[in-house]
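Take a look at the structure set out below.
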Amino acid sequence: MQENTLGIYVANCLKSWGKTDIGFINLDALMADLPQGTLTEGQLYKALPFDDKVMFMKMRGDDLLQALQESINNQKHFYLKGLEIFYSDTEKKKIGKIKVGGYNIQNDKLYSLSLPDHIISGGLGHDAFLNMFEFKNTDRPVREIVKWCLSRKVVPVK
């Protein structure tokens with residue numbers, strides 16, 4: 001998958017704003033890149049045209065692994081911050097292991113995520129994210145959170 005600077009930025013922004021372990025965005029939610037320099041409201045709406053609300057949720061490690069594997073099986077492209085995926089095959093179709101915050105994922109441990117609401121409701125072609133432990137709708141659009149990050153110059157962490 002080709003790098004998408006806006007995808008990386010939004011995932012990092014959601015993680016930072018939500019103070020969660022993981023920030024998650026699917027690339028179907030991003031419709032254009034943001035230009036360099038001064039940004040207008042219209043350009044932000046063009047890049048993020050949907051009114052997706054940010055959700056906070058907690059998932060056990062084994063359920064998170066299943067949800068990510070389902071997303072890969074459905075050939076959905078996404079960006080995550082705070083989580084690394086290591087594949088067991090060269091085609092990147094089977095997850096070998098996951099690290100959250102630099103540590104191997106633990107099956108029974110709860111991990112917190114910030115993500116758009118449409119992902120929970122099947123936006124990645126499956127409903128594996130419904131295996132959550134708890135969730136909260138922030139009622140704040142992803143676009144608004146990106147504006148917050150831009151105003152504070154929150155930048156992606158490599």
Side-chain angles (χ1 to χ4, degrees), residues 1-72 74 76-85 98-103 105 109-158:
M1 180 170 60
Q2 187 176 358
E3 289 253 327
N4 179 297
T5 305
L6 183 57
I8 295 167
Y9 188 83
V10 172
N12 187 60
C13 185
L14 293 175
K15 180 183 182 303
S16 297
W17 180 78
K19 298 178 181 162
T20 55
D21 298 317
I22 302 160
F24 188 112
I25 186 75
N26 67 314
L27 294 188
D28 292 341
L30 311 173
M31 301 308 288
D33 286 327
L34 294 176
Q36 292 184 355
T38 303
L39 182 66
T40 67
E41 192 79 22
Q43 290 165 325
L44 190 58
Y45 268 84
K46 186 176 179 182
L48 299 159
F50 307 110
D51 286 328
D52 300 325
K53 305 294 191 243
V54 178
M55 302 288 288
F56 295 150
M57 62 182 289
K58 292 184 181 178
M59 290 185 84
R60 291 180 345 157
D62 55 348
D63 291 329
L64 179 58
L65 173 62
Q66 176 191 350
L68 294 173
Q69 187 63 62
E70 287 288 327
S71 300
I72 291 167
N74 288 338
K76 296 297 181 177
H77 300 285
F78 51 85
Y79 276 100
L80 300 150
K81 276 301 185 181
L83 182 143
E84 292 177 274
I85 297 175
I98 295 176
K99 288 190 174 192
V100 176
Y103 298 97
I105 198 167
K109 183 175 177 180
L110 288 178
Y111 296 93
S112 60
L113 292 88
S114 298
L115 66 167
D117 56 0
H118 75 273
I119 291 174
I120 295 172
S121 61
L124 293 174
H126 62 81
D127 61 3
F129 279 97
L130 290 175
N131 292 331
M132 68 188 93
F133 184 74
E134 62 183 52
F135 75 98
K136 175 187 176 197
N137 186 338
T138 67
D139 219 18
R140 306 283 294 273
V142 171
R143 183 183 322 103
E144 184 180 316
I145 305 314
V146 171
K147 277 176 62 174
W148 175 86
C149 288
L150 289 167
S151 70
R152 284 156 182 76
K153 297 185 177 144
V154 174
V155 295
V157 178
K158 296 259 179 188

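- Between Phe78 and Phe24, the ring planes are parallel. Angles under 30° get that label, and only those over 60° would be called perpendicular.
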Test side-chain contact (heavy atoms from CB on, under 4.5 Å) on Asn26 and Ile119; report intermediate values, then the result. CA-CA 8 Å; Asn26 67 314; Ile119 291 174; 3.9 Å; yes
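- Scanning all heavy atoms of the two residues, the minimum distance from Lys53 to Asn137 falls at CB-OD1, 3.6 Å.
- The line from CD1 of Ile145 to NZ of Lys15 is 15.5 Å long, rounded to the nearest 0.5 Å.
- With contacts defined as side-chain heavy-atom distances shorter than 4.5 Å, the pair Val100/Ile22 qualifies.
- Interatomic distance, SG of Cys13 versus CG of Leu6, reported as 10.0 Å (0.5 Å rounding).
- In this structure, the separation between CE on Met57 and CG on Asp117 is 12.0 Å, given to the nearest 0.5 Å.
- Annotation for Lys147: atom NZ does not count as buried by contact number, only 12 or fewer foreign heavy atoms lying within 6.0 Å.
- Within 6.0 Å of the CZ atom in Phe135, the count of heavy atoms belonging to other residues, nucleotides or ligands does not exceed 12.
- Proximity of Arg140 to Trp148: side-chain heavy atoms (C-beta onward) are nowhere separated by under 4.5 Å.
- With values rounded to the nearest 0.5 angstrom, Ile72 atom CD1 is found 6.5 Å from Leu68 atom CG.
- Classification of Asp51 and Arg143 as a salt-bridged pair holds, one side-chain N sitting under 4.0 Å from a carboxylate O.
- Between Leu124 and Asn74, the closest side-chain pair of non-hydrogen atoms is not below 4.5 Å.
- The backbone N or O of Leu130 sits nowhere less than 3.5 Å from a side-chain atom of Asp127 that would complete a donor-acceptor pair.
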Run the side-chain contact (heavy atoms from CB on, under 4.5 Å) test on Phe129 and Glu70 for me, step by step, so that the C-alpha distance in whole Å, both residues' side-chain angles and the decisive distance to 0.1 Å come before the verdict. CA-CA 10 Å; Phe129 279 97; Glu70 287 288 327; over 6 Å; no
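- A cation-pi arrangement is absent between Arg60 and Phe133, since the terminal nitrogen or guanidinium carbon is not both under 6.0 Å from the aromatic centre and inside a 45° cone about the axis.
- The shortest heavy-atom contact between Asp52 and Pro116 is CB-CB, 3.9 Å.
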Evaluate the side-chain contact (heavy atoms from CB on, under 4.5 Å) criterion for residues Tyr79 and Val10: first the C-alpha distance (whole Å), next the side-chain angles of each, then the deciding distance (0.1 Å), finally the verdict. CA-CA 9 Å; Tyr79 276 100; Val10 172; over 6 Å; no
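- The two atoms that bring Ala47 and Ala32 nearest to each other are CB-O, 3.3 Å, heavy atoms only.
- Two residues are said to be in side-chain contact when any heavy atoms from C-beta on lie closer than 4.5 Å; Leu113 and Asp21 fail this criterion.
- Here the CG atom belonging to Leu110 is positioned 11.0 Å from the CG atom belonging to Leu64, to the nearest 0.5 angstrom.
- The side-chain heavy atoms of Leu150 and Tyr9, taken from C-beta on, include a pair separated by under 4.5 Å.
- Here the side chain of Ser114 pairs no donor or acceptor atom with the backbone of Gly23 at under 3.5 angstrom.
- Sparse packing is recorded around NZ of Lys46, with 12 or fewer heavy atoms of other residues, nucleotides or ligands lying under 6.0 Å away.
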I would like to know whether Val54 and Leu115 meet side-chain contact (heavy atoms from CB on, under 4.5 Å); could you show each step before the answer? CA-CA 5 Å; Val54 178; Leu115 66 167; over 6 Å; no
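- The shortest heavy-atom contact between Ala128 and Ala67 is CB-CA, 3.6 Å.
- Within the model, atoms CD of Glu144 and CH2 of Trp17 stand 7.5 Å from one another, a figure rounded to the nearest 0.5 Å.
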